[in-house]
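Below: one structure, written as structure tokens.
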Protein chains: 2
Amino acid sequence: MASSSRTGPAAVSAPVTIRDVAQAAGVHVSTVSRALDPRRRSLISAEVLAQVEAAARKLGYRPNRAASALRTGRTHTIGVLLPDITNAVFPPILEGIEASAASRHYFMLMAHAADNGTARAIVERMLAQRVDGLVMATATRDDPLIDFVTAAGIPAVLVNRADDSGRLGAVVSDDRLAMKLAVDHLAQLGHVRIAHLAGPQNLPTGVGRRQGFEQALRDRGIKPSPIIECTAYSRDAGRLAMQQLLARPKRPQAVVCCNDLVALGAYDAMLAAGLQVPHDLSITGHNDMPLVDLVSPPLTTVRLPHRELGWRAAEMLFESIAGEAGSASTVVLRPELVVRASTAAPRVLAGH
Amino acid sequence: MASSSRTGPAAVSAPVTIRDVAQAAGVHVSTVSRALDPRRRSLISAEVLAQVEAAARKLGYRPNRAASALRTGRTHTIGVLLPDITNAVFPPILEGIEASAASRHYFMLMAHAADNGTARAIVERMLAQRVDGLVMATATRDDPLIDFVTAAGIPAVLVNRADDSGRLGAVVSDDRLAMKLAVDHLAQLGHVRIAHLAGPQNLPTGVGRRQGFEQALRDRGIKPSPIIECTAYSRDAGRLAMQQLLARPKRPQAVVCCNDLVALGAYDAMLAAGLQVPHDLSITGHNDMPLVDLVSPPLTTVRLPHRELGWRAAEMLFESIAGEAGSASTVVLRPELVVRASTAAPRVLAGH
DNA sequence: TTGAAAGCGCTAACAT
DNA sequence: ATGTTAGCGCTTTCAA
């Protein structure tokens, strides 16, 4: 009633400020500020608090975070950098990050960075936006981006990629264990000639999985036959690598692939060569992407706790933002083997 | 040389402000502000401009967007609301949105909203963050969220879901055409008894595809046999619906599914019932998710231009943000049929 | 317990 | 072409 210059809670014309609320409640702006902050609410008398809340609700007050960000230096926003959201490992990671962020009422500023150059530019812009921290899934080995982020002094953690220099916290899956699980499974089936389609060796996961593969073979006293490096973690790169492998004189009995996409590319090459999985050759993947249980044959692979990877990374970031000295610098999560139909005992050779 | 209080470009200690740059360049802050804004740079003499840029670079100046947002009311940020990022249709949509945003140096604030209640709360917080606009992939039919967003007066567009009330712009795929493509393909193969596993009828796509299915059958003078509604767009819901269908007396010859996940659930049910696709029954999907070409049998489905869906939605949003009266309120993109091995001519019954 | 006042870093009139 | 000035909306000392 009386003459109100606003039309209602949802009116957009002139956004409602803390000053409007103060006026409506008959108190000072600083009182409103206190009343609306959960941490300082206790300083206010119950009576005034009720008045302020009523006024805020009636006017449809919405705090202006840009203003509070300017004043406090906190934006309640974290930046998330991904190499490629269409790669199926990242959505669950993102979901984990968001679950953690949302529980703290933080938002995610999301961006793709195909290559190092754009990644640097994006981080630069994110710093300009004054994100409170950074989760990065993109760093290559010895990435200059890590130097940059470290120098900028902003809280940051890596996910799905470790920092070899140890300056940034990271949450990763145990790549060596993953490869050991795959190799042990194949060895138990009776395979001896086991090859590896390795990931790009400029990525930490590419190196880690390759080393894990080599170590697992060494533990059993056998040699790789052989290891071929893919140019990317893609189906196409997997097909090409597998073609190379099949062109060699002595065909392996089994192939451990650096990830599912590469394994599916290997399927493509097998099909093109008129060979059958697992009859002519067993194949394992890595990641347990959606639908690999439905391909033909269903893929034996290593399952990663993707969601937890993201969640833990974000939790670690928030600890760092809160100023807690992050003691645990790299968290390593356990993968598990999922046996399906792409692996079987090697075919007994005619003549034996 | 001289006594500099800062240690270098990357120093984080005391963030460099426009004032520091002005001092270093021997000019006034407003000159710096102008020199650093591409649109007003032309007002500055080349000489001064060079000085300012040199000073900014030397000090490692990074504009504070929170301050500029407070002043201008523009955050260069759009909010993106998704129901579920792990659903494979959304990553390419997101990618399209980001491509558009990135080209304008905008960031995306991303959030999931499982249900309507949380969606409302998230939008509320996004408004507090002063996003410049909203892309929503979540609205159900007659969603109160649309009322809210409209009332808030913030630029917003829907993607992958139309607004029946026509207040918000939207970019969608042509669901009716998609179903017609599937039905026509099956009819040409000789199928007559064609069933539909429909999506949830509280979602625009669920209704649209169902109507498209019905219309396509009507055009050919045949009746659905029958239509069963799934409780969700999920593999599990598809399996359950297919079980219901198979439990009925007269089994259909072909089933048009509302999406790929549901179709894969139908595969599950077929497998459990000891039936073969397409020998005993043809199945079509919708979306052409990654890997559905590799499942067994490879799925005949309808491909959507997901990336373009996202890209166009964002473009539409930016037009709206720029204040251009959006004449085209709903953009409908064309899907295309992808024929694979899950559809075949109906088996000729014994005795014919 | 509440009020007063200053200022975060920037932009945009307005003045020169 | 550049300088002056005010103020965006909020938080946070300091005072009462």
Side-chain angles (χ1 to χ4, degrees), chain A residues 12-53 55-56 59-77 125 127-130 132, chain B residues 6 12-53 55-56 59-77 125 127-132:
Chain A
V12 73
S13 36
V16 180
T17 76
I18 203 174
R19 189 131 55 220
D20 299 320
V21 177
Q23 203 165 350
V27 297
H28 195 265
V29 287
S30 59
T31 306
V32 175
S33 174
R34 283 188 273 256
L36 265 29
D37 178 353
R39 277 192 309 281
R40 296 179 299 154
R41 201 199 295 298
S42 51
L43 303 175
I44 302 290
S45 72
E47 191 189 15
V48 172
L49 203 155
Q51 281 172 2
V52 170
E53 283 182 335
L59 298 179
Y61 172 70
R62 215 173 343 254
N64 184 332
R65 284 236 172 260
S68 104
L70 175 57
R71 178 65 227 235
T72 64
R74 283 292 170 87
T75 53
H76 292 269
T77 288
R125 287 178 46 226
L127 292 179
Q129 287 279 359
R130 296 301 195 264
D132 294 340
Chain B
R6 314 218 175 276
V12 74
S13 36
V16 180
T17 76
I18 203 173
R19 189 132 56 219
D20 300 320
V21 177
Q23 201 165 351
V27 296
H28 196 267
V29 288
S30 60
T31 306
V32 175
S33 175
R34 282 189 274 258
L36 265 28
D37 178 354
R39 276 192 311 281
R40 296 178 300 155
R41 202 199 296 297
S42 52
L43 302 174
I44 302 290
S45 73
E47 193 189 12
V48 173
L49 202 156
Q51 281 172 2
V52 171
E53 282 182 335
L59 298 179
Y61 171 70
R62 209 168 355 250
N64 184 333
R65 283 235 171 264
S68 117
L70 175 58
R71 178 66 229 233
T72 63
R74 282 292 171 85
T75 52
H76 290 100
T77 288
R125 287 179 45 225
L127 292 179
Q129 288 278 358
R130 296 301 194 265
V131 294
D132 293 340

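Lettering follows sequence order; numbering is per chain, from 1.
The base of dG3(D) lies close enough to the side chain of R34(B) for a donor and an acceptor atom to sit less than 3.5 Å apart.
Distance alone, capped at 3.5 Å, is enough to place a donor-acceptor pair between the T77(B) side chain and the T75(B) backbone. Checked by atom type and distance alone, the side chain of R62(B) never pairs as donor or acceptor with a backbone atom of A128(A) at under 3.5 Å.
Between L70(A) atom CG and dT12(D) atom C1' the separation is 13 Å, expressed in whole Å. dG9(C) atom C1' lies 14 Å from atom CD of Q129(A), rounded to whole Å.
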query: Stepwise, does the side-chain contact (heavy atoms from CB on, under 4.5 Å) test hold for Q129(B) with H76(A)?
result: CA-CA 9 Å; Q129(B) 288 278 358; H76(A) 292 269; 4.2 Å; yes
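Among the protein residues, S45(B) comes within range of the sugar-phosphate backbone only, with heavy atoms under 4.0 Å from sugar or phosphate atoms but none that close to a base. Looking at heavy-atom distances under 4.0 Å, R40(A) makes contact with a base.
At least one side-chain nitrogen or oxygen of S33(B) sits closer than 4.0 Å to the OP1 or OP2 atom of dT11(C). Under 4.0 angstrom from either OP1 or OP2 of dT2(D) there lies no side-chain N or O belonging to H28(B).
Taking for each of N64(A) and S30(B) the nucleotide of DNA chain D with the nearest heavy atom, the 5'-most of the two is the partner of S30(B). Residues I44(B) and T72(B) each lie close to DNA chain D; by heavy-atom proximity, the contact nearer the 5' end of the strand is made by I44(B).
Residues R40(B) and S33(B) bring a donor and an acceptor atom of their side chains to less than 3.5 Å of each other.
The side chain of R19(A) lies closest to dC8(D) when the candidates are dT11(D), dC8(D), dT2(D). Ranking dG9(C), dC10(D), dT2(D) by closeness to the R71(B) side chain, first place goes to dG9(C).
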